[in-house]
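Below is one structure; the comments refer to it alone.
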Amino acid sequence: QHGLTLSEVDRVTAWVMASVSSLHQYGDLLEIEWRERVATRILRELTASRSDASRYARLYREWEIQRPYRRDAEAARHDYPAYRRLKFEQFLAEPLQNLPAALRAEWRRNLDQAIASDLAAYLRQMSILACLEPGPYGEVRTPFHLSQARVALIYRGTYHLLPVCTPGTSNLLDALTAREQVAALLAAEPGQPANLLPFARMRRSSWPVLRRKLSPDLLENLAALRFAPILLNFDSRPARLPLTELRQAERGIGDHALTVFQTGKTCVFDQSHIFFDGILGAALAEILTNEALSWAVYLSTLPAARPAARAAFTTLKLSPGPADLALCAKQPAVTPEAGAETNRILLKPCLTLRRLFRQRNSQLQLTINDLLVLYRAIHAARY
């Protein structure tokens, strides 16, 4: 769409910088996500007895339809969360203006109380600046500071860690430095390929016992990888593969939030359900992709990159020895994945049916997913 032809260095750098900037902005992104839901919910509750209650009941849905997932040209002075907050405040201005001053003041008080009592806990719960510590029955989040965070880049089978902050600070790593580091990384001699897939296929509950038996060198490198919430796998996978097969490549051991796979035509976001629900996961994929495009536009204007004279990235040694692999093979494996992908669902008739339902009864607000589940139930009974 933009007529860009990027070098390999700039293509990788665009995704690295999208990941780096998103990690720096993630707390602000979570805050505006929370604010949008809570602010509209409080308005809905306060106006429930008014004659125009239905207008306020639909506010969040109306916002969902127009919520931006990229920064427009007018947003040059803002990062994405700040721009989205600005657009949300503009969206709320008219419905708030139509309320009596006393009701607006009550809405503001209730929102401030919710911020004071609930927001901090939400940010702690939802942050991806954490790794997962497996136990017998579940995972415990272990948070870490932004300055400790890394982006993991998987290239030619080897894991490399790049800092997200300027060394010694909590400041955003600048794009030119990242570009030089990526150029150096891509020009380096390939190391011994990693082989973590057997560990990713192992049940997480086995880790507390297994960790005490693995070789110290492997454990040390796995410990370093824990500080990478986002893994970028640039060993391209065939686009024709179904998702369940496509993700069967290097993707850590399951204690991080996100792996992005490249196919040459598309990018696949493999997300941990512990860190994301479906809605937030889909939104983040859209936001990250648009941020990568923004960086690509900028990088395309620069002269050819020169490799950094001094490497700031760390290359991990994640090739387990025979003894480590033998220990892994003895552990219970996860259930093999099943997938169902199709492009044969006809969305137009589904959307028409949704409109017909609303004409019959305004309370019949069924989603496409609702229709598919209902049809599956009807099919099962008839079958």
Side-chain angles (χ1 to χ4, degrees), residues 1-26 70-71 75-76 79-80 128 146-147 149-167 169-191 225 227-237 250-252 256-270 284-316:
Q1 289 177 336
H2 289 256
L4 298 178
T5 302
L6 295 181
S7 67
E8 181 76 349
V9 168
D10 284 344
R11 190 171 68 89
V12 173
T13 303
W15 279 101
V16 167
M17 286 307 301
S19 303
V20 167
S21 57
S22 294
L23 287 173
H24 275 263
Q25 299 165 11
Y26 204 73
R70 68 182 62 166
R71 293 173 291 157
D79 59 26
Y80 170 74
I128 60 173
L146 177 65
S147 61
R150 302 290 184 268
V151 170
L153 182 61
I154 303 166
Y155 186 73
R156 292 187 291 194
T158 305
Y159 288 74
H160 310 274
L161 298 180
L162 292 109
V164 305
C165 297
T166 303
T169 74
S170 294
N171 299 329
L172 177 75
L173 181 71
D174 74 271
L176 295 181
T177 300
R179 191 174 185 240
E180 291 175 351
Q181 291 298 325
V182 168
L185 188 155
L186 267 57
E189 289 294 319
L225 185 60
F227 293 96
I230 300 176
L231 275 57
L232 302 173
N233 190 327
F234 271 92
D235 292 335
S236 191
R237 305 277 288 151
E250 287 300 325
R251 50 187 166 90
H256 67 282
L258 169 67
T259 304
V260 182
F261 294 100
Q262 308 280 330
T263 72
K265 294 182 178 180
T266 58
C267 300
V268 177
F269 289 76
D270 187 36
L284 183 68
E286 185 97 8
I287 293 162
L288 261 178
T289 303
N290 286 318
E291 284 296 299
L293 177 60
S294 295
W295 285 109
V297 172
Y298 166 67
L299 294 168
S300 68
T301 66
L302 302 179
R306 293 183 178 181
R310 183 177 179 182
F313 59 86
T314 304
T315 300
L316 299 180

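Contact detail for Leu288 and Ser22: the closest heavy-atom pair is CD2-OG, 3.3 Å. Considering every non-hydrogen atom in both Trp15 and Val260, the closest pair reads CZ3-CG1, 4.5 Å. Closest of all the heavy-atom pairs between Cys165 and Ser147 is SG-CA, 3.8 Å. Across all their heavy atoms, Trp295 and Ala18 have their closest contact at CD1-N, 3.7 Å. Of all non-hydrogen atoms in Ala296 and Ala14, the two that sit nearest each other are N-CB, 4.0 Å. Of all heavy-atom pairs between Gly157 and Asp235, the closest is N-OD2, 2.7 Å.
No donor-acceptor pair closer than 3.5 Å links the side chain of Asn233 to the backbone N or O of Arg251. His24 places no side-chain N or O within donor-acceptor distance of the main-chain N or O of Leu146, the cut-off being under 3.5 Å. Side-chain atoms of Tyr159 come within 3.5 Å of backbone N or O of Gly252 as a donor-acceptor pair.
Within the 4.5 Å cutoff, no side-chain heavy atoms of Glu180 are placed close to those of Pro307. With a 4.5 Å cut-off on side-chain heavy atoms, Gln262 and Cys267 count as touching. When side chains are defined from C-beta on, Arg179 counts as touching Asp10, because their heavy atoms get closer than 4.5 Å. In this structure the side chain of Leu162 reaches within 4.5 angstrom of the side chain of Gln181, judged on heavy atoms.
Note that the CG atom of Leu284 and the CD atom of Glu291 stand 10.5 Å from one another [nearest 0.5 Å]. Separation of atoms OG (Ser19) and CG (Leu173) is listed at 12.0 Å; rounding is to 0.5 Å. In this structure, Asp270 CG and Leu258 CG are separated by 8.0 Å, a value rounded to the nearest 0.5 Å. Taken to the nearest 0.5 Å, the OG1 atom of Thr177 stands 9.0 Å off from the CE atom of Met17. Between atom CZ of residue Arg11 and atom CG of residue Leu4 there is a gap of 13.0 Å, rounded to the nearest 0.5 Å. Going from atom CG of Leu186 over to atom OG1 of Thr13 covers 8.0 Å, rounded to the nearest 0.5 Å.
Within 6.0 Å of CZ on Arg156 lie more than 12 heavy atoms contributed by other residues, nucleotides or ligands.
The only member of Thr158, Leu161, Leu153 that meets side chain to side chain contact (heavy atoms under 4.5 Å, CB included) when paired with Thr315 is Thr158.
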